[in-house]
Chemist: 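Dropping a structure here in structure tokens format, bear with me for questions.
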Amino acid sequence: MLGQGPRACLPSQGKQVESVSRLTPRKREALEGYLFISPWIVGFLVFTAGPILATLLISFTKWRVFGPPQWIGLANYVRMIHDPLFYQSLKVTGFFTLLSLPLGLAVGLALALLLFQDVKGLSVFRTIFYTPSVVPEVATATLWIWIYNPEFGIFNYVLSKFGVTGPEWLYSTEWILPALAIMGIWGAGSTMVIYLAGLQNIPRVYWEAATVDGASGWQKFWGITMPLLSPTTFFLFVTGLIGSLQTFTAGYIMGGGGGPLNASLFYTLYMYQQGWKWFNMGYASALSWTLSLIIFALTMLVIRASRARVNYDLI
Amino acid sequence: MKKVRGLAVILLLVFTASGFAIGAPKPVVLRAMTWDSAEGSAWAKAVFDKFEAANPNIEIELQPMPDGYDDRLLTSLAAGTPPDLFLVWDYPSLAGLGGLAPLEKTAIDFSGINPSLVEWNSYQGHIYGVPKDWTTQVIWYNKKVFDRYKVAYPKPGWTWDDFRSTAQKLTHVDDKVWGAALSFGDPYDWQNWFVMGGGDYLSADGKTMKGVFDSKESIAVMKFLTDMVLVDKVSPSRSLLSASGGTYAMFTSGKLGMIHSGMWLLGYLSSKGLPADDYGAVIVPAPAGKKPITMMNVSGWAMAAASKHKAEAIEVLKFLALEGGQTQGEAGWAFPVSETAIKATGLLNDPVTRVFYDSLAYALKNPAFLRTPEYAEKCSQYLEEAFDQILLGKATAEKAMAEAVKKSEKAFGR
Amino acid sequence: MRVAKKAIQYAILILFALVFMMPFLWMLSTSLKGGADDLFTYPPEIIPKSFHWENYRKVLSMYPWGTFLKNTSLITFTSMFATLLSSAMVAFGFARLRFPGRDKIFFLVLSTMMVPYYTTLIPQYILFSKLGWVNTLKPLIVPNFFGAAFYIFLLRQHFMGIPAELDDSAKIDGASTMRIFGSIYLPLAKPALITIGILQFMSAWSDFIGPLIYLHSEKNYTLTLALNTFRGIHYTDWHYLMAGTMMVALPSLIFFFIGQNYIIGGITVSGIK
């Protein structure tokens, strides 16, 4: 009954009373509800739903932006199936995700566990680990190009101190993706913070009880910590997966044209090249749509698989 | 009385002011985009300033765009807001997209310009650009490196075998000195070598690479070039070149004996304050018994087909055809385009810059990139891949080049 | 043995800390070097023999960084406030108001969190291109006025935690829905809003592909785009490039140091479950 007050009861209001009372409180609230969420609705239609549909439609055309689009049916998809660079970009993106996602989670977790022990100067360490993830990616990538310089960069210099001859990193077809994955670890601080939050949410009781029962650290970790962290891991895994499959900036800056022999031709980079370098908007849209389907399918798979493994009840 | 006079004065002022506002014509503002940095475009600014002084009703806003020039240009063309004037070298793709305005039947006078230069700024019979400057690519040699290992300076008329043995004699890996920089990063720079050897990148009509790039002549040239890197090891690796600050940095610090490049080295030297006397230039070597063919780099000023100020833009182009390149030529490291301007700069008197002019007579005819608008997408990227594969040791010359042809044919839909 | 264990822990922590700090030190060190001779030496000098602080002055003079800072700030702060306000509004609608289809629509909101950024990129680009907004800052600002799914989700959680009694007492006093939203819910959500604001700041400030495809004239560049261009020109002048990189990274770092309690606190409190 928002704002109705005594007004509706005054007969002398005449017409006003009529129009006000026509809107029942329920209807009024509903109207306000729609009003409040209207920004999202508009945004959704214009910037999300519309474009998603449009991408699908454009993928059925040949459109070079200069002229009108021409309908060509499934030709772009046929082209995609026969396009070796399409498979290359899938391979690159897939391999990179397989490499960097588990690594990022593991390092983030490890750092969180290290900081979770009562440590003096916790916030200092936490800041040190988190800060790199705050730096804009363009800056990080530029810095790491220099770090990875095979002759004069710091990485290979440190390796040489251990008697190892460092590889050519960004110039090598085998090492460019691992290079990018290692750079990604530098940003593991954001994962660490989320894991720390997850750890703090676990009631200490569980560990204490296990210690009393004589469980070892390892047993406590796998038996209590990991299962109870599973919602956090799940969240990080899904968001990490969606993000990793769309890696762009690192690939663009560190291997501009796709890297040596297209060894770092990420899917979104290939899409960008098709759309903004060659102006094959139709083909780029087909690539884009396919990526969305892949991400959607994988996410559904992960959610399915996690149902058995993620425990929400114990917390 | 005072009031009326005051009013009259005010009215007079108002009328005069509005008269100024209406009467004085607003200058037409043209946008001109270059791919040099702001410092590198200083010559363009000087030329435009000169033009503006003579044509007060036209203003030119210079837009330097050193990074992603092609992307920016294409995007602005697509969005319908291109600059009125811009630098072009890849005429076919832009002309094919309808972005360029033909210039041959306009007030621009091309007669004072070397026809080779005009050819490289045309496509399918239409002239699309006013050449802004040009350079041929020669072999630069570092005299100090040659002196250090007591090798004779190269002379015109030298052969490929001379080139190879010279490079070998100069290479001393322990001293971190190499004979030549052969990174083959851009296939563009090496087309003349393939043609000299009897091969080519693609057919003369630009329709296919088959039978041309994978011919035994082309393969032989590729083997010659890449063996120098893989077998003779006369060149630093690509990563080392890039990691050490680039070819010019290595060349000028005495780590390279020879490089295949254009007049831009002079610009680099002057920007770093290094003396030019330590370096010599010679026309490229040719296979025994054959004539040399030199690669050129020429670009020009083109006018957007969608420009809203075509008449004014033509005026600027007319001026550029006559005087444009002169200013850059005055900096001493690019040749102006008109013969009279060339003679006026005195570049012909210097024995080093003279080499570039003499090489012009041997310029490659009908360069590959001008043969088809799809060169970059359907040919050049596969050429690059072929070089990459061979240099990274992933394939033999025959295999890599056959692969490139296969991919190109596929891209053409065959 | 407790002591030994602790010692090992600290040792590992310090080692990791050093490893994490190393890139920053390397960046700083390189930015103070003199030129090709200092940069391309082996073994590399961790501490330069002379500190060339003037590199920063030189880099500042090479490029209109002030303009880039202005553009980036404009985009970031506008999008920050726009997204906060709109997300809060929408979240309030879902949290407190009843209307048909509310939960179904909210589910739709959640599902849009999974839509990859790159799916909508091309048509959005075409849309903005038809509107003539390409090469302006508008495409980077305007879409933020319509609420962001993730923030809507977080704020709705937060709002739902606010006792409904507060609403009721306000209604009795005759407050309109808008009043309740503005004078009760917004202030109570301040910590969450600050956290989200900071997250949005980080995201907008670092955005690269948006500026890459929409901004074409140098005068419209953001810091990230400018750094990329700068790298293209000076790709061998690592001392200048590192100085430039340092300058681009600095505002994010400063912002983080000021707001770190809110960020880390906010992430903890929102409890990813």
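Computed from a prediction, not measured in an experiment: that's the story for all the values here. Here is the naming used below: chain letters follow the sequence lines, and residue numbers restart at 1 for every chain.
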Chemist: Once you measure the plane-to-plane angle for A/W146 and C/F40, does it fall in the parallel (<30°), tilted (30-60°) or perpendicular (>60°) bin?
Modeler: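 It falls in the perpendicular class, over 60°.
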Chemist: Given that the side chain runs from C-beta out, which part of A/I295 has a heavy atom under 4.5 Å from chain C: side chain, backbone, both or neither?
Modeler: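 Contact with chain C: side chain only.
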Chemist: Taking A/L143's backbone N and O only, do any of them form a donor-acceptor pair with C/T245's side chain (distance below 3.5 Å, no angle check)?
Modeler: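 Looks like no, no N/O pair under 3.5 Å.
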Chemist: Measure A/L35 against the heavy atoms of chain C and call it side chain, backbone, both or neither at under 4.5 Å.
Modeler: backbone
Chemist: Report yes if some heavy atom in the side chain of A/T131 is under 4.5 Å from a heavy atom in the side chain of C/F24; otherwise report no.
Modeler: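 A side-chain contact under 4.5 Å exists here.
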Chemist: Report the option among A/G121, A/P132, A/A54 that has the most heavy-atom pairs separated by less than 4.5 Å from atoms of chain C.
Modeler: A/P132
Chemist: Does any backbone or side-chain atom of A/F296 lie under 4.5 Å from a heavy atom of chain C? Answer side chain, backbone, both or neither.
Modeler: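 Looking at A/F296, just its side chain touches chain C.
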Chemist: Give the ring-plane orientation class for C/F146 versus A/F47, where under 30° counts as parallel, over 60° as perpendicular and anything between as tilted.
Modeler: tilted
Chemist: So, does A/Q246 use its side chain to make a donor-acceptor pair with the main chain of C/Y117 at under 3.5 Å?
Modeler: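 Judged by distance alone, yes, a pair lies under 3.5 Å.
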Chemist: Non-hydrogen atoms of chain C under 4.5 Å away: do they reach the side chain of A/T239, the backbone, both or neither?
Modeler: neither
Chemist: Is there a side-chain contact between A/T55 and C/T120, using heavy atoms and a 4.5 Å cut-off?
Modeler: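 Contact flag for A/T55/C/T120 side chains = no.
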Chemist: Can C/N228 and A/I253 be said to form a side-chain contact (heavy atoms from CB on, under 4.5 Å), step by step?
Modeler: CA-CA 8 Å; C/N228 184 48; A/I253 302 227; 3.8 Å; yes
Chemist: Any chance you could measure C/Q9, atom CD, to A/L113, atom CG, to the nearest 0.5 Å?
Modeler: 10.5 Å
Chemist: So do C/P100 and A/Y34 actually touch side chain to side chain, heavy atoms under 4.5 Å?
Modeler: yes
Chemist: So for A/F248, is it side chain, backbone, both, or neither that comes closer than 4.5 Å to the heavy atoms of chain C?
Modeler: both
Chemist: Which one of C/Y118, C/F208, C/F256, C/W205 has the most heavy-atom pairs closer than 4.5 Å to chain A?
Modeler: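 Sorted descending by pairs with chain A, the first entry is C/Y118.
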Chemist: Quick check: does any side chain N or O of A/W186 sit under 3.5 Å from a backbone N or O of C/F20, one acting as donor and the other as acceptor?
Modeler: yes
Chemist: Return the orientation label for the A/F125 and C/Y10 ring planes: parallel under 30°, perpendicular over 60°, tilted otherwise.
Modeler: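 Plane angle between 30° and 60°, so tilted.
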Chemist: Do other residues, nucleotides or ligands put more than 12 heavy atoms under 6.0 Å from C/I47 CD1?
Modeler: no
Chemist: When you compare the side chain of C/M22 with that of A/V158, does any pair of heavy atoms fall below 4.5 Å?
Modeler: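 Not touching, per the 4.5 Å side-chain cut-off.
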Chemist: Would you say that A/W63 contacts C/I126 through its side chain, given a criterion of any heavy-atom pair below 4.5 Å between the two side chains?
Modeler: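 Of all side-chain heavy-atom pairs linking C/I126 with A/W63, at least one is under 4.5 Å.
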Chemist: Between C/I46 and A/I154, is there a side-chain heavy-atom distance shorter than 4.5 Å?
Modeler: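 Sidechains of C/I46 and A/I154: in contact.
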Chemist: C/L39, C/L127, C/I12: which one forms the most heavy-atom pairs within less than 4.5 Å of chain A?
Modeler: C/L39
Chemist: Mind checking whether C/V248 and A/V138 have side chains closer than 4.5 Å, heavy atoms only?
Modeler: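 No, every pair of side-chain atoms sits at 4.5 Å or beyond.
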Chemist: The test is side-chain contact (heavy atoms from CB on, under 4.5 Å); show your working for A/I37 and C/I152 and say whether it passes.
Modeler: CA-CA 10 Å; A/I37 68 166; C/I152 293 173; over 6 Å; no
Chemist: Looking only at heavy atoms and a cut-off of under 4.5 Å, which of A/Y157, A/F44, A/F36 has the most pairs with chain C?
Modeler: A/F36
Chemist: Using heavy-atom distances under 4.5 Å, tell me whether A/Y272 contacts chain C through its side chain, its backbone, both, or neither.
Modeler: side chain
Chemist: State, with a plain yes or no, whether a side-chain heavy atom of A/V135 is found less than 4.5 Å away from one of C/S252.
Modeler: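 Heavy-atom side-chain distance check fails, nothing below 4.5 Å.
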Chemist: So what's closer than 4.5 Å to chain C heavy atoms on A/W40: side chain, backbone, both or neither?
Modeler: both
Chemist: Please state whether the side chain, the backbone, both or neither of A/T299 comes within less than 4.5 Å of a heavy atom of chain C.
Modeler: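 Side chain only.
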Chemist: When the ring centroid of C/W238 is compared with that of A/F152, is the distance short of 6.0 Å?
Modeler: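 Distance test on ring centres: not under 6.0 Å, no.
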Chemist: Which one of A/S288, A/P39, A/G43 has the most heavy-atom pairs closer than 4.5 Å to chain C?
Modeler: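 Option with the top pair count is A/P39.
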Chemist: Need one label for C/T112: side chain, backbone, both or neither, based on atoms under 4.5 Å from any heavy atom in chain A.
Modeler: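 It is the side chain, since no backbone atom gets that close.
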Chemist: So for A/I147, is it side chain, backbone, both, or neither that comes closer than 4.5 Å to the heavy atoms of chain C?
Modeler: both
Chemist: I need the residue from C/S86, C/G93, C/P143 with the largest number of non-hydrogen atom pairs under 4.5 Å to chain A.
Modeler: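 Highest number of pairs under 4.5 Å: C/P143.
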Chemist: So for A/I41, is it side chain, backbone, both, or neither that comes closer than 4.5 Å to the heavy atoms of chain C?
Modeler: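 The answer is the side chain of A/I41.
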Chemist: Under 4.5 Å from any heavy atom of chain C, what part of A/M300 do you find: side chain, backbone, both or neither?
Modeler: side chain
